[in-house]
Amino acid sequence: MRVIFIRHGKTAGNQEKRYIGRTDESLCHEGISELAVRNYPNCDAVICSPMKRCIETAKIIYQNIEPILCPSLKECDFGDFEGKNYIELSGNEHYQAWIDSGGTMQFPNGETTQNFRNRCCEGFVQSVKLVNRSEIVAYVVHGGTIMAVLDRFSAPHMDYFDWKCENGSGFICQWNGTNLKILEKL
């Protein structure tokens, strides 16, 4: 099965470099415009995070395919960092501790990194079973979700932060039931 991972289009929070996880933010005008001029590969099915930014992106790119919503593919809950950017968090001892941990500590009053990654990977495995007769499946999700899934299933393996991608970008992969082989970057 071919799997296309697409990070949702740009939001106002993305433009301001804010931690936007559980905030259900719509695409901004720039994000909509950027998606409208790009060409994306065709697919047979679309699996999507239930957040507005992902649903809106899926409907722009794949207008004639109703997305299958998968709550497990939501972005991380950034807890006390939610809605803030690094400038606003500068000097915050909890933020500095999180940075010093290489992003592995739990977000204060938020999700643990490991729980987030496990949730995304379990969501991917379960959702791919829903469309196992499809030849090409698009996942319209969050940057962190893509990073978590590719960190776990990529072959050859690359680490979580190596899979960072811009809004509206992503990867085309081949799924063999065990691993994802990267074929192309979008």
Side-chain angles (χ1 to χ4, degrees), residues 1-18 20-21 23-76 117 119-121 123-156 158 160-186:
M1 174 188 297
R2 190 157 291 196
V3 176
I4 305 162
F5 289 103
I6 301 168
R7 182 179 178 199
H8 64 78
K10 197 176 291 177
T11 67
N14 295 139
Q15 289 179 310
E16 297 169 0
K17 302 200 181 303
R18 296 186 181 283
I20 303 296
T23 303
D24 202 8
E25 193 173 59
S26 287
L27 299 176
C28 65
H29 292 295
E30 183 180 334
I32 293 167
S33 298
E34 289 172 352
L35 291 171
V37 298
R38 290 190 66 168
N39 290 318
Y40 290 92
N42 292 327
C43 68
D44 304 315
V46 176
I47 295 175
C48 189
S49 160
M51 305 298 282
K52 287 179 191 173
R53 55 196 181 265
C54 294
I55 295 169
E56 292 169 3
T57 299
K59 290 187 177 197
I60 291 168
I61 297 172
Y62 299 109
Q63 297 172 10
N64 298 320
I65 301 174
E66 187 65 30
I68 299 166
L69 303 183
C70 183
S72 299
L73 298 176
K74 284 184 178 180
E75 182 59 279
C76 187
R117 292 180 186 187
R119 171 174 56 78
C120 291
C121 291
F124 171 73
V125 170
Q126 292 303 314
S127 63
V128 83
K129 290 176 184 176
L130 296 173
V131 292
N132 65 354
R133 295 178 189 216
S134 300
E135 291 183 31
I136 305 171
V137 179
Y139 279 78
V140 181
V141 292
H142 308 274
T145 306
I146 294 170
M147 293 161 62
V149 172
L150 291 179
D151 175 50
R152 173 88 47 93
F153 295 111
S154 64
M158 288 175 34
Y160 181 83
F161 290 107
D162 293 328
W163 297 111
K164 186 175 180 186
C165 61
E166 299 299 317
N167 295 101
S169 296
F171 302 92
I172 300 173
C173 309
Q174 188 68 40
W175 172 248
N176 66 9
T178 305
N179 294 309
L180 288 160
K181 178 182 177 186
I182 309 309
L183 302 176
E184 182 181 341
K185 186 171 182 173
L186 290 174

**Message:** Applying salt bridge (Lys or Arg N to Asp or Glu O under 4.0 Å), can you list everything that pairs with Glu166, at least two apart in sequence or on another chain?
**Reply:** none
**Asked** If you look at every heavy atom in Glu75 and Ile20, which pair is closest and at what distance?
**Response** CG-O, 3.7 Å
**Atom of Ile55, atom of Cys48 and distance for their closest heavy-atom approach** = N-SG, 3.6 Å
**Request:** Name all pairs fulfilling the ring-ring contact (aromatic ring centres under 6.0 Å, His included) condition that reach into residues 44-67, sequence neighbours left out, sorted by first residue then second.
**Result:** none
I'd like a table of donor-acceptor pairs (distance under 3.5 Å, sequence neighbours excluded) in which one partner is a side-chain atom from residues 24-33, with atom names and distances.
unit_1: Asp24; atom_1: OD1; unit_2: Lys52; atom_2: N; d: 2.6
unit_1: Glu25; atom_1: OE1; unit_2: Thr11; atom_2: OG1; d: 2.6
unit_1: Glu25; atom_1: OE1; unit_2: Gly13; atom_2: N; d: 3.2
unit_1: Glu25; atom_1: OE2; unit_2: Gly13; atom_2: N; d: 3.3
unit_1: Ser26; atom_1: OG; unit_2: Glu56; atom_2: OE2; d: 2.8
unit_1: Glu30; atom_1: OE1; unit_2: Gln15; atom_2: NE2; d: 2.7
unit_1: Glu30; atom_1: OE2; unit_2: Lys10; atom_2: NZ; d: 3.0
unit_1: Ser33; atom_1: OG; unit_2: His29; atom_2: O; d: 3.1

**Asked** Does any pair with a residue in residues 136-147 pass salt bridge (Lys or Arg N to Asp or Glu O under 4.0 Å), and if so which ones, sequence neighbours excluded?
**Response** none
**Request:** Would you give the length of the straight line joining atom OH of Tyr40 to atom OG of Ser169, rounded to the nearest 0.5 angstrom?
**Result:** 6.5 Å
**Item:** Nearest atoms (heavy-atom pairs only) where Phe171 meets Cys165
**Value:** CE1-CB, 4.2 Å
Which atom pairs, donor and acceptor, lie under 3.5 Å between side-chain atoms of residues 173-186 and protein residues at least two apart or in another chain?
unit_1: Gln174; atom_1: NE2; unit_2: Met1; atom_2: O; d: 3.3
unit_1: Asn176; atom_1: OD1; unit_2: Thr178; atom_2: N; d: 2.8
unit_1: Asn176; atom_1: OD1; unit_2: Asn179; atom_2: N; d: 2.7

**Message:** Under the salt bridge (Lys or Arg N to Asp or Glu O under 4.0 Å) definition, can you give me all pairs with a residue in residues 37-51, not counting sequence neighbours?
**Reply:** none
**Request:** Quick one: closest heavy-atom pair of Ile172 and Pro41, and the distance?
**Result:** CD1-CG, 3.8 Å
Going by atom type alone, with no hydrogens or angles, which donor-acceptor pairs under 3.5 Å involve a side-chain atom of residues 123-139 and a protein atom two or more places apart or on another chain?
unit_1: Ser127; atom_1: OG; unit_2: Gly123; atom_2: O; d: 2.8
unit_1: Ser127; atom_1: OG; unit_2: Phe124; atom_2: O; d: 3.0
unit_1: Ser127; atom_1: OG; unit_2: Tyr139; atom_2: OH; d: 2.8
unit_1: Ser134; atom_1: OG; unit_2: Val131; atom_2: O; d: 3.4
unit_1: Tyr139; atom_1: OH; unit_2: Val128; atom_2: N; d: 3.3

**Item:** Arg152: side chain to side chain contact (heavy atoms under 4.5 Å, CB included) partners, not counting sequence neighbours
**Value:** Gln114, Asn118, Cys121
**Message:** With side chain to side chain contact (heavy atoms under 4.5 Å, CB included) as the criterion, how do Asn14 and His8 come out once you've worked through the C-alpha distance, each side chain's angles and the decisive distance to 0.1 Å?
**Reply:** CA-CA 10 Å; Asn14 295 139; His8 64 78; 3.3 Å; yes
**Asked** Taking everything shown except Arg2 itself, do over 12 heavy atoms lie less than 6.0 Å from its CZ?
**Response** no
**Taking every non-hydrogen atom, the tightest pair across His142 and Ser49** = NE2-OG, 2.8 Å
**Prompt:** What pairs with Arg117 under salt bridge (Lys or Arg N to Asp or Glu O under 4.0 Å), at least two apart in sequence or on another chain?
**Reply:** Asp151
Extract all donor-acceptor atom pairs below 3.5 Å that involve side chains of residues 63-74 and protein atoms in other chains or at least two apart in sequence.
none

**Asked** Do you know which two heavy atoms are closest between Tyr160 and Met147, and how far apart they sit?
**Response** CE2-CE, 3.2 Å
**Item:** Cys120 backbone acceptor or donor facing Thr145 side chain under 3.5 Å
**Value:** no
